[in-house]
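Scroll down for the structure; my scribbles are underneath it.
Hydrogens, waters and symmetry mates play no part in the numbers below; they use all other heavy atoms, side chains included. In what follows, chains carry the letters A, B, and so on, assigned in the order in which the sequence lines appear, proteins first and then strands, with residues in each chain numbered from 1.
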Amino acid sequence: MLRSVVDLAKLNPPQREAASHIGGPLLVLAGAGSGKTRVITYRIAHLLAGGIPPQAICAVTFTNKAAEEMRERVAHLVQNRTATRALTIGTFHALGLQILRSERKALGMPRGFAVYDQSDQMGVLREAMRSFRSMERDGERRFDVKAVLARISLAKNAFVAPDEYRPRNVADEYDAITQEVYPKYQEMLRSCAAFDFDDLIVEPVRLLARDAEVGRRWAEKFRFVMVDEFQDTNRAQLRLVEQLVANHKNLVVVGDDDQSIYSWRGADPTNILKFDTLFPGARTVKLEQNYRSTKTILSAANEVIANNTQRHGKTLWSNVGGGEAIVHAVAQTAEDEAKWIAREIDRLNKDGRAWSDIAVMYRSNIQAKVLEDELRQLGVPYVMYGGQQFFERKEVKDVIAYLRVALNPRDELALRRVINYPARGIGATTIDRIATAATARHATLWEGLRGAVSGTGTLPGMGLGSSLREEDDPNPERTVDVGDLRGAARNGILELVHVVSELGSALESGTDAVAATRTLIEDIRLYDDLRAASSSATAAQRRIDNVEGLLGSLGRFAEKQKGREALSEYLRRLSLETSSDDDKDDGKKVVLTTLHGAKGLEFPVCFMIGLEEELLPHLRTLQPQATDVNDVDHATDISEERRLCYVGITRAQKKLYLTRACTRIMRGSARPRVPSRFLLEIPDDLLEVRDLGEEARQKVPTDEVRNFFANLALDD
DNA sequence: AACTTGTCAATTTTT
DNA sequence: TTGACAAGTT
């Protein structure tokens with residue numbers, strides 16, 4: 001039973017005004033720590049209590065984590081699992097995927113279509129650039145794949161089709177490369193039956209605009225739409241939202257222009273700055289009361305951000321007490337800086353502060369290295385946000401690639417990954433020959449492989465590819481004759497085609513996904529290979545455990561949804577998942593994160609390190625490089641760096657440390673450092689300066705030394 | 001097919 | 001100075 005009333009009295013007046021808003025467009029300008037998630041969750045609960053069916057409510061976020069948190073908090077408010085489950089709460093990409101999946105026939109995509117994540121995209125693009133590079137261009141120069149990918153991504157999100165792409169300026173060689181490679185890239189994606197991340201937004205927008213019936217259906221589906229972190233939306237995401245609310249304009253967006261830190265990724269701050277122009281008649285509510293930080297910390301944040309023009313303009317205030325001064329610590333070197341921070345963290349912990357109450361934030365990942373060394377030295381437990389993730393591990397990706405090929409034989413990227421793994425005698429020459437022959441006949445690589453071994457030598461009971469429905473395999477009759485293959489290669493291909501087809505038909509006939517995968521693992525003797533390739537027995541076991549972890553995760557998913565479709569969906573969702581939500585071991589540890597990664601988080605104690613010119617603001621903002629995607633005006637815009645600084649400061653609840661070094665070794669040689677201009681924007685009376693000259697050099701007893709003295713004491 | 005060597009560059013990366 | 005990547009070597 002739904003609660004008929006939600007207690008909006010727990011909200012402050014502007015929060016309540018936003019949460020009880022019913023019809024029409026509303027912009028909620030929510031400062032850091034002002035309870036924006038609260039407003040959204042209360043509004044959803046309020047709508048449900050008012051009798052709105054959960055199916056008619058949609059809330060969009062940027063991260064899976066934010067989406068989960070939102071769903072949990074709504075569930076807590078309404079105490080109704082069924083209603084909560086029926087809500088649409090998810091990321092933009094998950095929403096796009098939902099649309100593509102239900103409309104896939106209109107798009108001519110097979111059931112097992114793939115979603116390519118960034119590393120897949122880079123794989124495709126590297127391949128596209130290889131063929132292009134060998135043809136022409138100055139010698140054999142190497143080009144930065146990421147720089148090209150960033151350009152393609154921006155173009156896609158601006159709805160620039162591959163053949164419409166034009167270099168913005170002739171001097172930009174990366175624009176020229178992009179013009180040539182973008183069409184090839186897109187062609188390869190489609191031939192693999194794959195969408196990339198950008199397609200997940202852009203393709204639904206195109207479809208909804210092109211097909212009136214589909215467009216109408218989706219515009220009617222949700223009667224109330226909410227968007228979180230609206231300052232981070234790009235043009236395509238805005239278009240999608242516009243289409244969803246085209247009929248009724250019941251749109252509530254929540255965001256903070258001062259926390260817009262992703263414009264380099266295509267986020268368009270005008271979406272939030274010009275919201276009332278985009279949605280005429282929009283109301284605006286400002287949330288300026290901060291429940292997170294002390295007055296001292298908030299003053300510093302306000303002072304820094306006030307140096308930006310082009311803002312909606314908010315001033316955060318707080319009821320929390322004045323609090324301690326912000327420590328501005330100056331070290332001689334980056335090593336001293338890290339040493340001091342590690343010791344300070346250790347001291348805080350000894351004084352009763354939990355490790356997980358403490359975060360260290362930095363502008364670029366490279367800064368974490370020294371710090372890790374020092375923390376390890378002192379035995380301080382820590383987690384790094386954004387490190388290598390579970391599903392990125394090679395052995396896990398290998399198994400996933402087999403599953404992908406079985407579900408979608410057109411997925412050439414996955415096929416190439418497993419074609420000769422574990423080694424089965426299919427060398428580069430063989431692959432090239434078959435690929436060339438296949439391309440010449442407009443066949444896929446998979447068809448080429450099947451054709452190469454069809455006819456003679458079929459092993460008993462093999463049924464090559466028989467499980468694949470016509471839809472997935474549009475030309476089942478087509479064979480590719482590549483002449484005679486050497487014995488080893490031929491046997492290898494037979495084995496590959498066999499194991500993949502077996503896996504495909506097992507999944508088709510409804511065999512449990514985990515069981516089918518286990519059979520595959522045995523067929524390819526994966527664990528033998530892992531044992532042989534690992535340097536030690538423990539290393540091998542760890543990798544085997546990783547594969548077992550994948551099976552566990554798959555099993556949990558397959559319990560909720562069953563069959564081949566479920567597996568396809570599982571794999572697609574896997575691409576949308578960054579940090580595996582399976583390893584929730586981040587409790588009780590100090591958090592190390594980039595400033596970008598810290599957005600949306602809060603900690604009682606925060607260290608912002610490396611507050612120096614060329615780190616924050618970053619050198620790349622001061623001196624743009626050839627690979628940079630944005631125009632010079634945008635690239636040299638210091639205000640985004642300032643917002644980054646603002647985001648960092650506002651993460652701190654009670655105590656903030658700002659640290660810097662006077663010299664730092666960069667690219668091999670020591671260089672003098674200048675304090676960050678943002679540091680100078682904070683009034684002196686909020687800061688307590690600490691010169692770490694002597695302090696940092698003090699000898700720190702290592703564990704060994706400490707134990708030595710401890711033992712002496714015992715012996716006494 | 002695993003090692004070795006040379007070259008080039010050096011942010012941020014919610015999905 | 002480190003690392004990633006790709007081509008060359010055993």
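Closest-nucleotide positions on DNA chain B for Gly597(A) and Asp144(A) were compared, and the one nearer the 5' end corresponds to Asp144(A).
Here Glu412(A) pairs with Cys192(A), Arg416(A), Leu445(A) under the side chain to side chain contact (heavy atoms under 4.5 Å, CB included) rule; sequence neighbours left out. Looking at residues two or more places apart in sequence or on another chain, you find a side chain to side chain contact (heavy atoms under 4.5 Å, CB included) between Asn307(A) and Arg642(A), Glu681(A). The side chain to side chain contact (heavy atoms under 4.5 Å, CB included) check on Ser364(A) picks up Ile366(A), Gln367(A), with sequence neighbours excluded. Applying the salt bridge (charged side-chain N to carboxylate O under 4.0 Å, His left out) criterion to Asp117(A), with sequence neighbours excluded, gives no partner residue. For Arg101(A), the side-chain hydrogen bond (donor to acceptor under 3.5 Å, both in side chains) test picks out Glu569(A), with sequence neighbours left out. Applying the side chain to side chain contact (heavy atoms under 4.5 Å, CB included) test to Arg531(A) and every residue at least two apart in sequence or in another chain returns Tyr527(A), Asp528(A), Ala540(A), Ile544(A). For the salt bridge (charged side-chain N to carboxylate O under 4.0 Å, His left out) test, residues two or more places apart in sequence or in another chain that qualify with Glu203(A) are Arg190(A), Arg206(A).
With dT11(B), dT13(B), dT14(B) as the choices, the nucleotide that has an atom nearest any side-chain atom of Ser364(A) turns out to be dT11(B). Among dG3(C), dA10(B), dT13(B), the nucleotide with an atom closest to any side-chain atom of Lys369(A) is dG3(C). Residue His618(A) has its side chain nearest to dT11(B) when only dT11(B), dA6(C), dA10(B) are considered.
Distance Leu576(A) CG to dT14(B) P: 13 Å, rounded to the nearest Å. Protein atom CZ of Phe62(A) is 16 Å distant from nucleotide atom P of dT13(B), rounded to whole Å. Atom-to-atom, CZ of Arg265(A) to C1' of dT14(B) comes out at 7 Å; the value is rounded to the nearest Å. Computed from coordinates, the Gln367(A) CD to dT1(C) P distance equals 20 Å when rounded to whole Å. Spacing between atom CG of Leu615(A) and atom P of dA10(B) amounts to 15 Å, rounded to whole angstrom units. Rounding to whole angstrom units, CG of residue Leu619(A) and P of dT11(B) are separated by 9 Å.
From Tyr262(A), atom OH reaches atom CD of Gln231(A) across 10.5 Å, with rounding to the nearest 0.5 Å.
Within the 4.0 angstrom heavy-atom criterion, no nucleotide atom of any strand lies near Phe92(A). Base engagement by Asp232(A) is indicated by at least one non-hydrogen atom pair under 4.0 Å involving a base atom.
Interface remark: the Arg363(A) side chain does form a donor-acceptor pair with the dT12(B) base, using a distance-only criterion of under 3.5 Å.
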Which atom pairs link the protein and nucleotides 8-10 of chain C when you take only N or O atoms and keep those under 3.5 Å?
none

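Look at the P atom in both dT13(B) and dA4(C): the space between them is 16 Å, to the nearest Å.
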Per-nucleotide protein contact string for nucleotides 1-6 of chain B, where B marks a base within reach and S marks sugar-phosphate only (heavy atoms under 4.0 Å, - for neither): S----B
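Put simply, Ser669(A) has no side-chain N or O that comes within less than 4.0 Å of OP1 or OP2 on dT1(C). Regarding contacts with the backbone of dT12(B), a side-chain N or O of Asn365(A) is found under 4.0 angstrom from either OP1 or OP2.
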